[in-house]
Protein chains: 2
Amino acid sequence: METNFNDKQIKILEVAEVLFSEKGFDGTSIRDISKEAKINIAMISYYFGSKERLLEDLIIYRTSDLKLQLDYLILENLEPIEKVNKLIELYINRVNCNRGIYRILHFEFTSKKRNLNHEAFSELKKGNLKSLEAIIIEGQTKGVFKKDIVIPLITPTILGTFFHFQMNKPFFENLLNLNTEALYNNYIKTILTKHIQQTIKALLVYES
Amino acid sequence: METNFNDKQIKILEVAEVLFSEKGFDGTSIRDISKEAKINIAMISYYFGSKERLLEDLIIYRTSDLKLQLDYLILENLEPIEKVNKLIELYINRVNCNRGIYRILHFEFTSKKRNLNHEAFSELKKGNLKSLEAIIIEGQTKGVFKKDIVIPLITPTILGTFFHFQMNKPFFENLLNLNTEALYNNYIKTILTKHIQQTIKALLVYES
DNA sequence: AATTAAATTAAACGAACGTTTAATTTAAAC
DNA sequence: GTTTAAATTAAACGTTCGTTTAATTTAATT
């Protein structure tokens, strides 16, 4: 799979990322993209073949650099709980910095209309889960984490909390008086991240 | 706001619910809807005026019966933690039984293309948050819940976990061998719900 | 039975869609 | 400088979109 795009192609990809994420795949026309990118409509078919393949290329373009920083984390000399905290921070930061593409993945991968290559993305998720599992089991072996934990449900709690917050952005902006983008981002970086860390820690160590 | 629809209108609404939720608003044509509902295309404009208003009516139709069972819960004579557990069960059940409409809300309310009436839905969410707050504060007053909890972030954790699981249905079906719809639903009802209850309880009572 | 209103239909509307064509410009190779 | 390939363009393609029209059928009212 080729990932070397020229300037024009990158421009198209970046505009598509913004528009797809804002208005959805079906809600964005290639005329919208070409106008915003100041590139002739025909260039999109010329470079990518079709709108659907543009989306596929976009996903590859944005997830190929997302190579696992997780594996480094596992090998670090840290307490299990510290590793989990770092993992959460890493997750939130990754997803928050690449909102556009994650929003698209979130929406378009779920649509029954799209028949994208689910396999590749599924493998990515499985790999991430394996890394998380390694950290949890290490903590259990060391006796700091309790035993009866459903590991595959931890990621939904971490990412789900973030996504749900993100999806209801206008609501929370209003509720929490996060009037500026900076305030909003800061809230994610500090309070939301801490909330998730606190939640997961409690789940992992609290004996009922 | 009128909520009395005749049989034909209800048929249209129910078909629209399924299709919007499966293929998105922009991904569904009114021809799709009319064909599936076996009703002439013109009837949709005739009854609802436009496709956009059909969506608005659909949301009203499905959320008007969603009147707060929460308020009953608050008044019940239960321990705070039991109330929280029941609230989670109620939330998951509600959202799980009305997947279609919640999926639509989730997707279309977030789209910058839609300019739906956010205000009404925002008020609904604020009301729900107030109910949750009442329960948490009661628990804190009774000394069973700890003090430093960011209450507005509890709902994202509850619903976010569920939604993220739901959004990645094919992945988890495969991972957890939930081959049939019954097995999948049962997993939500038992293990996923318990995971969320366990998580929130730990968050509320665990002192670090 | 005649009148009136509501429900339903097939057909057509103009606009927007993704894509292709064929001509032209730009750049590279020789 | 000529040739050749790549990049770029405006225009047109055929389809599908949401919506409207105008005619017809059904049902209710008098």
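Computed from a predicted model, the values in this text were never measured in an experiment. By convention in this document, chain letters (A, B, ...) are assigned in the order of the sequence lines, proteins followed by strands, and residues within each chain are numbered from 1.
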Chemist: Can you measure from OG1 (A/Thr155) to CD (A/Glu133) and round to the nearest 0.5 angstrom?
Modeler: 10.0 Å

Chemist: Can you check the B/Asn6 CG to C/dA7 C1' distance for me, whole Å?
Modeler: 10 Å

Chemist: Tell me: CG of B/Leu55 to P of D/dG18, nearest whole Å?
Modeler: 13 Å

Chemist: Any side-chain donor paired with an acceptor under 3.5 Å for B/Lys201 and B/Asn85?
Modeler: no

Chemist: Can you tell me how far C1' of C/dT26 sits from CD1 of A/Ile39, to the nearest Å?
Modeler: 16 Å

Chemist: The criterion is side-chain contact (heavy atoms from CB on, under 4.5 Å); which residues satisfy it with A/Leu176, sequence neighbours excluded?
Modeler: A/Phe165, A/Phe172, A/Leu178, A/Tyr187, B/Pro152

Chemist: Rounded to whole angstrom units, what separation is found between the NZ atom of B/Lys8 and the C1' atom of C/dT8?
Modeler: 8 Å

Chemist: If we only count heavy atoms from C-beta on, is the B/Leu19 to B/Val15 side-chain gap below 4.5 Å?
Modeler: yes

Chemist: Looking at residues at least two apart in the chain, or sitting in another chain, which of them share a side chain to side chain donor-acceptor pair (under 3.5 Å) with A/Lys130?
Modeler: none

Chemist: Indicate yes or no: does B/Glu14 engage B/Lys8 in a salt bridge with an N to O separation below 4.0 Å.
Modeler: no

Chemist: Which donor-acceptor pairs under 3.5 Å do the side chains of residues 38-50 of chain A make with protein atoms, sequence neighbours left out?
Modeler:
unit_1: A/Asn40; atom_1: OD1; unit_2: A/Ala42; atom_2: N; d: 2.9
unit_1: A/Tyr47; atom_1: OH; unit_2: A/Asn6; atom_2: ND2; d: 3.4
unit_1: A/Ser50; atom_1: OG; unit_2: A/Arg53; atom_2: N; d: 3.2

Chemist: B/Ile158 and side-chain contact (heavy atoms from CB on, under 4.5 Å): which partner among B/Leu153, B/Val84, B/Ile196?
Modeler: B/Ile196

Chemist: Please report the closest heavy-atom contact between B/Gln166 and B/Ile188, naming both atoms and the distance.
Modeler: OE1-CD1, 3.8 Å

Chemist: Does any residue of residues 28-37 of chain A have a heavy atom under 4.0 Å from DNA chain D, and if so, which ones, in number order?
Modeler: A/Arg31

Chemist: Separation of B/Asp7 atom CG from C/dA7 atom C1', in whole Å?
Modeler: 14 Å

Chemist: Respond yes when some side-chain nitrogen or oxygen of A/Asn40 is under 4.0 Å from OP1 or OP2 of D/dA10, and no when none is.
Modeler: yes

Chemist: Does any nucleotide pair with C/dT25 by Watson-Crick or G-U wobble geometry, both distances under 3.5 Å, and what is it?
Modeler: D/dA6

Chemist: Using 0.5 Å steps for rounding, measure from the OG1 atom of B/Thr28 to the NZ atom of B/Lys23.
Modeler: 5.0 Å

Chemist: Could you list the protein-to-nucleotides 22-25 of chain C atom pairs, N/O on both sides, closer than 3.5 Å?
Modeler:
none

Chemist: Say whether, by atom type as modelled, one donor and one acceptor occur between the side chain of A/Arg62 and the main chain of A/Ile101 under 3.5 angstrom.
Modeler: no

Chemist: Starting at CD1 of A/Ile41 and ending at P of C/dT20, how long is that distance when rounded to a whole Å?
Modeler: 13 Å

Chemist: Can you check the A/Gln9 CD to D/dA7 C1' distance for me, whole Å?
Modeler: 11 Å

Chemist: Heavy-atom contacts under 4.0 Å between residues 42-52 of chain B and DNA chain D, which residues?
Modeler: B/Ala42, B/Ser45, B/Ser50, B/Lys51

